[in-house]
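Right, one structure below, let's go through it.
Just the heavy atoms: all of them, side chains too, but no hydrogens, waters or symmetry mates, feed the values below.
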Amino acid sequence: MTSPTTLEDWLAHCERLHPREIDMTLARMVELKARLGLQFNVPVVTVAGTNGKGSTCAMLEAIGLQAGYRVGLYIKPHFVHFEERCRVNGAMVSAADLVPHFDAVEQARGDIALTYFEFTTLAIMRLLSQAEVDFVILEVGLGGRLDAVNVIDADCAVITSIDLDHMDYLGPDRESIGREKADIMRPGKPAIVSDPVPPASLAAHAAAVGADLWQIGRDFNYAGDKQQWGWAGRHKRFNALAYPALRGANQLLNASGAIAVFEALRDRLPVTAQAIRNGLAIVELPGRFQIVPGQPAVVLDVAHNPHAVATLVQNLENMPYYPRTRAVFGAMKDKDIAGILARMAPVVDEWHFCDLPLPRAASAAELEAQHASLALKGPGPVTVFRHPDPRSALVAALSAADPADRIVVFGSFYTVGGVLKGGLPRLNAKHLA
């Protein structure tokens with residue numbers, strides 16, 4: 001077979017390699033790590049959890065850059081372009097820069113059939129290991145113990161909120177899921193937990209392996225009013241901090257966890273209060289309670305489990321009054337769709353369910369049927385529509401909306417990504433420009 005020459009060709013090759021999209025084991029990654037000689041010579045932070053991982057990674061990157069460090073970041077999934085998953089010094093890497101690392105993984109793997117996630121993770125980690133950076137941030141995938149990223153022995157582990165998601169792979173309850181996530185902890189290394197009510201399995205695992213557990217509410221904490229907030233850790237305090245640029249009810253938890261990382265690594269990555277202030281003031285992350293300028297108001301949020309949707313609803317209720325809220329929603333079949341719909345229903349007047357472009361997605365018809373079977377009530381009479389893709393669902397919602405209304409696009413990354421594919425919508429009338 002002729003070796004692929006473009007990133008697009010390599011990604012298509014990765015999709016063909018392994019019959020299963022998810023195959024939970026570290027054996028292949030351990031072998032390939034050895035064959036590639038993959039290692040990091042700078043501090044590495046791994047970030048796991050159910051919700052808040054992306055926000056925490058973005059805050060770590062922003063603070064680090066403002067402190068003058070060169071930062072490598074692996075974050076996922078992407079919305080439109082695969083290259084979004086890898087940033088060096090705040091800039092998305094180019095497709096051409098990634099190609100040699102895909103080729104190196106291909107040469108090293110021999111007859112080992114890597115999954116798409118394993119192959120692409122190895123390529124990105126190889127790029128980051130060779131980049132001129134001062135520290136690296138790696139976002140863990142759906143689990144922890146058997147996640148491809150866990151092949152790396154990180155200098156600091158972060159675990160954000162734990163909730164019920166991917167239960168077929170991670171277990172039936174928070175304790176089981178926490179146990180899976182906790183495996184990214186390493187002996188003698190700091191493990192930052194920013195879940196305010198963590199499952200006991202996190203502390204138990206930290207004790208079992210000898211990790212240095214930093215628990216919010218015990219080892220670090222935050223407090224604030226409507227104007228500013230402050231953070232206190234084991235050794236340092238930071239006062240008069242502005243609220244993070246990322247909107248949402250849980251962002252102070254994520255910010256607190258990010259600051260705790262820098263305190264835990266203060267001997268290797270010292271930062272100033274000003275770097276924290278500046279980093280949190282400018283941090284950006286698409287699709288996390290992202291409000292698109294214009295009228296009607298459009299909110300983009302990748303909330304795809306009941307816990308995240310509960311936070312989304314809380315954030316929506318903190319917005320000004322809108323006469324009607326129209327929701328564009330698409331999700332994977334394995335999600336707790338009933339739980340998501342039940343949490344969201346009280347604020348939605350009009351549903352626009354959409355198909356997504358992959359086999360494991362629930363169809364718009366299936367979403368509509370589940371919504372009907374639950375007999376959920378909205379703020380008033382509820383209308384429901386089906387669409388072949390997220391973009392057409394947004395176009396329909398916009399065409400029906402008054403300028404004073406609100407549209408919420410939420411669910412899978414593919415839902416929000418489908419809307420962003422043509423760039424941010426320009427909102428100034430009853431159409432999508």
Go through the steps to decide whether Leu398 and Ile407 satisfy the test side chain to side chain contact (heavy atoms under 4.5 Å, CB included), and finish with yes or no.
CA-CA 8 Å; Leu398 284 168; Ile407 298 170; 3.5 Å; yes

Dump the intermediate steps for side chain to side chain contact (heavy atoms under 4.5 Å, CB included) on Asp155 and Val45, then the final yes or no.
CA-CA 6 Å; Asp155 298 274; Val45 178; over 6 Å; no

Could you walk me through whether Thr46 and Asn150 pass the side chain to side chain contact (heavy atoms under 4.5 Å, CB included) test, one step at a time?
CA-CA 8 Å; Thr46 51; Asn150 199 34; over 6 Å; no

Apply side chain to side chain donor-acceptor pair (under 3.5 Å) to the pair Glu350 and His352, showing each step before the final yes or no.
CA-CA 7 Å; Glu350 185 174 285; His352 292 265; 2.6 Å; yes

Take Ile124 and Val93 through the test side chain to side chain contact (heavy atoms under 4.5 Å, CB included) and record every step on the way to the result.
CA-CA 10 Å; Ile124 288 174; Val93 299; over 6 Å; no

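With no hydrogens or angles considered, a side-chain donor-acceptor pair links Asn51 and Asn305 at under 3.5 Å. In this model, a donor atom of one side chain and an acceptor atom of the other lie less than 3.5 Å apart for Thr325 and Arg406. A side-chain N or O of Ser55 and one of Gln251 form a donor-acceptor pair less than 3.5 Å apart. Gln274 and Asn278 form a side-chain donor-acceptor contact under 3.5 Å, judged by distance and modelled atom types alone.
At least one cation-pi condition fails for Arg326 and Trp351: the charged atom is not both under 6.0 angstrom from the six-membered ring centre and inside a 45 degree cone around its axis.
Put simply, the side chain of Ser256 reaches to within 4.5 Å of the side chain of Trp229, judged on heavy atoms. At least one side-chain heavy atom of Leu252 sits under 4.5 Å from a side-chain heavy atom of Tyr243. Looking at heavy atoms from C-beta onward, Met344 lies in side-chain contact with Phe410 at the 4.5 angstrom threshold. Using a 4.5 Å cut-off on side-chain heavy atoms (C-beta onward), Asn254 and Leu246 make no contact. In this structure, the side chains of Pro390 and Cys354 come closer than 4.5 Å at one or more pairs of heavy atoms. A 4.5 Å side-chain heavy-atom check between Ile152 and Val136 finds every atom pair outside the cut-off. Contact annotation: the side chain of Arg145 approaches that of Glu180 to within less than 4.5 Å [non-hydrogen atoms, C-beta and beyond]. In this structure the side chain of Val47 never reaches within 4.5 angstrom of the side chain of Leu138, judged on heavy atoms.
Judged purely by atom type and a 3.5 angstrom limit, Ser412 has no side-chain atom pairing as donor or acceptor with the backbone of Ala331. Of the possible polar contacts, one joining the Asp225 side chain to the Gln228 backbone as a donor-acceptor pair under 3.5 Å is found. The main-chain N or O of Ser201 is found under 3.5 Å from a side-chain atom of Glu175 such that the two form a donor-acceptor pair. The backbone N or O of Ala240 sits less than 3.5 Å from a side-chain atom of Arg277, completing a donor-acceptor pair. For Glu263 (side chain) and Arg234 (main-chain N/O), a donor-acceptor pair under 3.5 Å exists by modelled atom type. Arg391 places a side-chain N or O within 3.5 Å of a backbone atom of Val419 that can act as its donor or acceptor partner. Judged by distance alone, with hydrogens and angles left aside, the side-chain atoms of Lys181 form no donor-acceptor pair with the main-chain N or O of Ser161 at under 3.5 Å. The main-chain N or O of Phe289 is found under 3.5 Å from a side-chain atom of Asp301 such that the two form a donor-acceptor pair. Looking only at distances, a side-chain donor or acceptor of Glu84 sits under 3.5 Å from a matching main-chain atom of Val80. No side-chain donor-acceptor contact under 3.5 Å links Arg85 to the backbone of Pro77.
Across all their heavy atoms, Asp219 and Leu213 have their closest contact at OD2-O, 3.5 Å. In terms of heavy atoms, Val382 sits closest to Val348 at CG2-O, 3.9 Å. When all heavy atoms of Val133 and Val71 are compared, the closest pair comes out as CG1-C, 3.8 Å. Minimum interatomic distance between Ala342 and Leu376 (heavy atoms only, all atoms of both residues): N-CD1, 3.9 Å. Contact detail for Ala67 and Val271: the closest heavy-atom pair is CB-CG1, 3.7 Å. The two residues Ile337 and Met332 make their nearest non-hydrogen contact at CD1-O, 3.7 Å.
Distance check, rounded to the nearest 0.5 Å: NE2 of His81 to CG of Leu420 gives 10.5 Å. The distance from atom CD of Glu284 to atom CD1 of Ile282, rounded to the nearest 0.5 Å, is 8.0 Å. Within the model, atoms OG1 of Thr121 and CE of Met29 stand 6.0 Å from one another, a figure rounded to the nearest 0.5 Å. Considering OH of Tyr222 and OG of Ser194, their distance stands at 10.0 Å, rounded to 0.5 Å. Atom CG of residue Asp195 and atom CD1 of residue Ile162 lie 6.0 Å apart, to the nearest 0.5 angstrom. Here OG1 of Thr160 is found 11.5 Å from CD1 of Ile216. Values are rounded to the nearest 0.5 Å.
For the ring pair (Phe, Tyr, Trp, His ring centres under 6.0 Å) test, no residue two or more places apart in sequence or in another chain qualifies with Tyr74.
We find that Arg87 and Glu61 are joined by a salt bridge, their nearest charged nitrogen and carboxylate oxygen being less than 4.0 Å apart. Here Glu368 pairs with Arg386 in a salt bridge; the nearest charged N to carboxylate O distance falls below 4.0 Å. Salt-bridge formation is not detected for the pair Asp389/Lys421: no Lys NZ or Arg NE/NH1/NH2 atom is positioned less than 4.0 Å from an Asp or Glu carboxylate oxygen.
Between Phe119 and Phe102, the ring planes lie parallel to each other; the angle is under 30°, not in the 30° to 60° tilted range. Note: Phe238 and Trp231 have tilted aromatic rings, judged against thresholds of 30 and 60 degrees for the angle between ring planes.
Applying the side-chain hydrogen bond (donor to acceptor under 3.5 Å, both in side chains) rule to pairs touching residues 63-72 yields Arg70-Asp134, sequence neighbours excluded.
Taking the six-membered ring for Trp, Phe353 and His371 have ring centres closer than 6.0 Å.
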